[in-house]
Amino acid sequence: MLNKKVEKALNKQINYEFYSAHLYLSMASYFKSNDLDGFGHWMQVQYEEEIFHAMKIIDFVHTRDGRVKLLAIEQPPHQWDSSLHVFKDTYDHEVVVTGLINDLVTLSIKENDHATQNFLQWYIAEQVEEEANVKSIKSKLKLAAESTVTLLMLDQEMAKRVFVPPQD
Ligand code: FEO
């Protein structure tokens, strides 16, 4: 049986994962409207990952005999100044998500909920990867800021990303 405080916090996290998906789909649309289809594709894969993150928590709540209560998803931004601006926002967003996962772990420890604490370790590892991937792209975009050719080469690189459901 899922602890009620933990259940409420997991529901909030489900909402935030869906918000992340919305945000990245909005970014995908921004890129595609600027003819950077490779970046747009990368962001669409990121959207799929976020849906996966949300669904994984939903499955966990159900397995623990808890109740999923879906909340309204906040409207994401629609406009950015540049590709670098998008990836700066993406990096900042992932740092916030890492903080939320850390808070969830702290709560599950406080509530003596070892099953949730164990479940969340997957997200701890995933956030290390998410932050590192986005930071690397942000750094490359900084280098590409002065060169359209480099930006277009990066766009081709970004088009190669394939959605592979993260391993359990
Ligand atoms: Fe669900 Fe990008 O963290």
Side-chain angles (χ1 to χ4, degrees), residues 2 6-32 36 38-64 66 68-80 82-109 113 115-142 154 157-168:
L2 194 55
V6 174
E7 181 185 85
K8 193 172 176 192
L10 286 171
N11 271 296
K12 276 175 86 174
Q13 190 60 33
I14 289 165
N15 179 261
Y16 210 72
E17 298 292 345
F18 280 132
Y19 173 73
S20 301
H22 255 51
L23 176 64
Y24 294 141
L25 196 55
S26 184
M27 289 173 169
S29 180
Y30 164 82
F31 280 122
K32 291 196 173 187
L36 288 167
F39 281 95
H41 169 79
W42 192 96
M43 278 297 173
Q44 255 178 247
V45 173
Q46 192 67 10
Y47 158 85
E48 289 183 76
E49 280 214 353
E50 298 303 345
I51 296 289
F52 181 93
H53 294 171
M55 292 307 300
K56 191 174 171 74
I57 304 174
I58 287 173
D59 288 346
F60 177 74
V61 170
H62 288 153
T63 304
R64 299 285 310 284
V68 171
K69 291 179 185 158
L70 296 176
L71 305 166
I73 301 168
E74 197 186 318
Q75 180 178 305
H78 299 125
Q79 192 55 40
W80 291 268
S82 64
S83 305
L84 178 58
H85 184 195
V86 175
F87 271 86
K88 277 183 178 164
D89 278 4
T90 302
Y91 182 74
D92 292 347
H93 181 76
E94 289 301 333
V95 170
V96 169
V97 175
T98 300
L100 293 174
I101 298 291
N102 286 340
D103 290 347
L104 264 174
V105 172
T106 303
L107 177 69
S108 59
I109 291 169
D113 184 346
T116 299
Q117 195 266 347
N118 182 53
F119 167 74
L120 289 169
Q121 294 310 306
W122 184 90
Y123 287 83
I124 295 281
E126 179 75 358
Q127 281 311 119
V128 171
E129 205 180 296
E130 294 259 287
E131 282 190 27
N133 287 343
V134 173
K135 187 158 188 272
S136 162
I137 297 166
K138 187 172 69 130
S139 301
K140 286 178 187 148
L141 277 171
K142 261 190 198 159
L154 264 180
E157 254 332 279
M158 300 291 272
K160 293 178 189 160
R161 187 178 188 195
V162 177
F163 176 66
V164 180
Q167 295 299 303
D168 283 329

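First listed ligand is number 1; within each ligand, the first listed atom is number 1. Note that the numbering runs from 1 along the sequence shown for the chain.
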Subject >> Residues Gln13 and Glu17: side-chain donor-acceptor under 3.5 angstrom >> reply: yes
Original post:
Strictly under 2.8 Å, is any N, O or S atom of Glu50 next to atom 2 (Fe) of ligand 1?
Top reply: yes
Subject >> Side-chain donor-acceptor pair present, His53, Glu50, cut-off under 3.5 Å >> reply: yes
Original post:
Do Ile101 and Glu126 come close enough that some side-chain heavy atom pair is under 4.5 Å?
Top reply: no
Original post:
Has Glu49 got an N, O or S atom lying less than 2.8 Å from atom 1 (Fe) of ligand 1?
Top reply: no
Original post:
Minimum heavy-atom separation for Met43 to Phe87, with atom names?
Top reply: CE-CZ, 3.6 Å
Subject >> Gap separating the OG atom of Ser82 from the OH atom of Tyr30, nearest 0.5 angstrom >> reply: 6.0 Å
Original post:
What angle sits at atom 1 (Fe) of ligand 1 between ND1 of His53 and OE1 of Glu17, to 10°?
Top reply: 100°
Original post:
In Glu130, what N, O or S atom is nearest to atom 2 (Fe) of ligand 1, if we give its atom name?
Top reply: OE1
Original post:
Do you see an N/O/S atom of Glu94, backbone or side chain, under 2.8 Å from atom 1 (Fe) of ligand 1?
Top reply: no
